[in-house]
2 protein chains.
Amino acid sequence: MFSIGTLSRRTGVKIPTIRYYEDMGLLPEPERTAGNQRRYSQAGLDRLGFIKHARDLGFTIEAIRALIELHEHPDHSCATANAIANAQLSDVQAKIARLKRLETELQRIATHCDGSGTAGDCYVLTSLADHSLCETAH
Amino acid sequence: MFSIGTLSRRTGVKIPTIRYYEDMGLLPEPERTAGNQRRYSQAGLDRLGFIKHARDLGFTIEAIRALIELHEHPDHSCATANAIANAQLSDVQAKIARLKRLETELQRIATHCDGSGTAGDCYVLTSLADHSLCETAH
DNA sequence: CTTGAACCTCTAGTTCCTAGAGATGTTACG
DNA sequence: CGTAACATCTCTAGGAACTAGAGGTTCAAG
């Protein structure tokens, strides 16, 4: 049996976050000692690892809830899991596309200003004030 | 003079968000009609445009506060503005790098599962449960 | 002058945690 | 077996950047 601190060390998930996941229903309520402290089984540790991994990949709590539900029922179709993963992939790709546009714009803005002038003719500030100077949509 | 709704339509910033920016001190308190409604000048509209543009580029409220402060003092050095823009650029680049790693992993996971099987041998779920299957760090 | 759209303030909710207070439990050492 | 030192408990609040809703007032057009 593992204490919450051990779980935290082994998974890299902070203690309050573990309790938060329990409140959210992602982790089942573990056994307790006579003094009311949480004691986890290997299954609890594995479950937290699953959640951590999914969070690292950017899945929302809701998506993880659905994935766990499927994980608990090995006989169910995995179409939902596939759909969730693909939705997450699209989401990540959309974010990358957007951030690349921002990167282009920020590079343009930042390289036109070396920080040696005054705010009055700073390209950073001028650009922000006048969107028409931008080359890409954002 | 513009009403808050006009400002909203012209900038694409929602009305409650405009009031929120006012609360946060990014927008000065505008004049009011006898009936207590906000009436903005062209300067107010321009200011909101500046904020909107900066938010679209991902600057935080705090960063925008600093940028506005500089914008108000054209005689100050623009070194700070330059530093803020470069910090934002680095931030965006770091996010892109991370998301690209996630994209790789998600692609790998999703393409191994076409959604036709059962949860028991779903690669999406197996991957989440076993981090060692991953090829990149995240 | 009336109607309907727009506006007002205020509170609370969203997401995913994080921080802190104050109390209690567990464990290793002597 | 006692006592430090450390871990854990619950509960509340905060943070970022909004968004939503209730309940009430004002504006502008006809």
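Just so it is clear, the model here is predicted, and its values are computed rather than measured. What's counted below: heavy atoms across the whole structure, side chains too, no hydrogens, waters or symmetry copies. So you know, we letter chains A, B, ... as the sequences are listed, proteins then strands, and number each from 1.
Note that CG of Leu125(B) is 10.0 Å distant from CD1 of Ile68(A), once rounded to the nearest 0.5 Å. Once rounded to the nearest 0.5 Å, the distance linking CG of Leu48(A) with CZ of Arg10(A) reads 11.5 Å.
The backbone N or O of Leu26(A) sits less than 3.5 Å from a side-chain atom of Arg47(A), completing a donor-acceptor pair. Looking at Ser8(B), its side chain does come within 3.5 Å of a backbone N or O of Val13(B) through a donor-acceptor pair.
Between Arg38(A) and dT8(D), a side-chain N or O to OP1/OP2 separation shorter than 4.0 Å is absent. OP1 and OP2 of dT26(C) both lie 4.0 Å or more from every side-chain N or O belonging to Ser3(A). Under 4.0 angstrom from either OP1 or OP2 of dC16(C) there lies no side-chain N or O belonging to Tyr21(A). OP1 or OP2 of dC7(C) has not a single side-chain nitrogen or oxygen of Arg32(B) nearer than 4.0 Å. Not one side-chain nitrogen or oxygen of Thr60(A) sits closer than 4.0 Å to the OP1 or OP2 atom of dT15(C). Between Thr33(B) and dC27(D), a side-chain N or O to OP1/OP2 separation shorter than 4.0 Å is present.
Position along DNA chain D of the nearest nucleotide to Arg9(A) versus Tyr20(B) favours Arg9(A) as the more 5'-ward residue. Along DNA chain D, the nucleotide nearest Phe59(B) and the nucleotide nearest Arg19(A) are compared for position; the residue whose nucleotide lies closer to the 5' end is Arg19(A).
The number of heavy atoms from other shown groups lying within 6.0 Å of CD (Glu72(A)) is above 12.
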Identify every side-chain donor-acceptor pair in residues 33-46 of chain A under 3.5 Å, counting partners at least two apart or on other chains, and give the distances.
from: Thr33(A); atom 1: OG1; to: Gly35(A); atom 2: N; distance (Å): 3.2
from: Thr33(A); atom 1: OG1; to: Asn36(A); atom 2: N; distance (Å): 3.3
from: Thr33(A); atom 1: OG1; to: Gln37(A); atom 2: N; distance (Å): 3.0
from: Gln37(A); atom 1: OE1; to: Arg39(A); atom 2: NH2; distance (Å): 3.0
from: Arg38(A); atom 1: NE; to: Glu22(A); atom 2: OE1; distance (Å): 2.8
from: Ser41(A); atom 1: OG; to: Ala43(A); atom 2: N; distance (Å): 3.3
from: Ser41(A); atom 1: OG; to: Gly44(A); atom 2: N; distance (Å): 3.4
from: Gln42(A); atom 1: NE2; to: Asp46(A); atom 2: OD1; distance (Å): 2.9

Residues 81-89 of chain B side chain polar contacts: donor-acceptor under 3.5 Å, at least two apart:
from: Asn82(B); atom 1: OD1; to: Asn86(B); atom 2: ND2; distance (Å): 3.4
from: Asn86(B); atom 1: ND2; to: Asn82(B); atom 2: O; distance (Å): 3.0
from: Gln88(B); atom 1: NE2; to: Leu57(B); atom 2: O; distance (Å): 3.0
from: Gln88(B); atom 1: NE2; to: Gly58(B); atom 2: O; distance (Å): 3.2

Kindly give the atom pairs (protein nitrogen or oxygen, nucleotide nitrogen or oxygen) under 3.5 Å for nucleotides 1-6 of chain D.
none

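In this structure, of dT10(D), dC16(C), dC8(C), it is dC8(C) that holds the atom nearest to the side chain of Asn36(B). The side chain of Gln37(B) approaches dT26(D) more closely than any other nucleotide in the set dC18(D), dT26(C), dT26(D). Closest contact between the side chain of Pro16(A) and the listed nucleotides dT10(D), dT18(C), dC17(C) involves dT18(C). Checked against dA17(D), dC16(C), dC27(D), the side chain of Ile61(B) finds its nearest nucleotide in dA17(D). Comparing dT10(D), dT19(D), dT26(C) against the side chain of Lys14(B) picks out dT19(D) as the nearest.
In this structure, Leu27(B) places its CG atom 15 Å from P of dA17(D), rounding to the nearest Å. Atoms CE (Met1(B)) and P (dA28(D)) sit 13 Å apart, rounded to a whole Å. In this entry the distance linking CD of Glu22(A) with P of dC16(C) reads 18 Å, nearest Å. Between the P atom of dA6(C) and the CG atom of Leu7(B) lies a distance of 15 Å, rounded to the nearest Å. Following rounding to the nearest Å, Ile4(B) (CD1) and dT26(D) (P) show an atom-to-atom distance of 17 Å. Following rounding to the nearest Å, Leu48(A) (CG) and dC17(C) (C1') show an atom-to-atom distance of 14 Å. In this structure, Ile18(B) atom CD1 and dC8(C) atom P are separated by 9 Å, rounded to whole Å. Atom CZ of Arg55(B) and atom P of dA16(D) are 12 Å apart (whole Å).
Nearest heavy atoms, Lys52(A) versus Thr11(A): CE-O, 3.2 Å.
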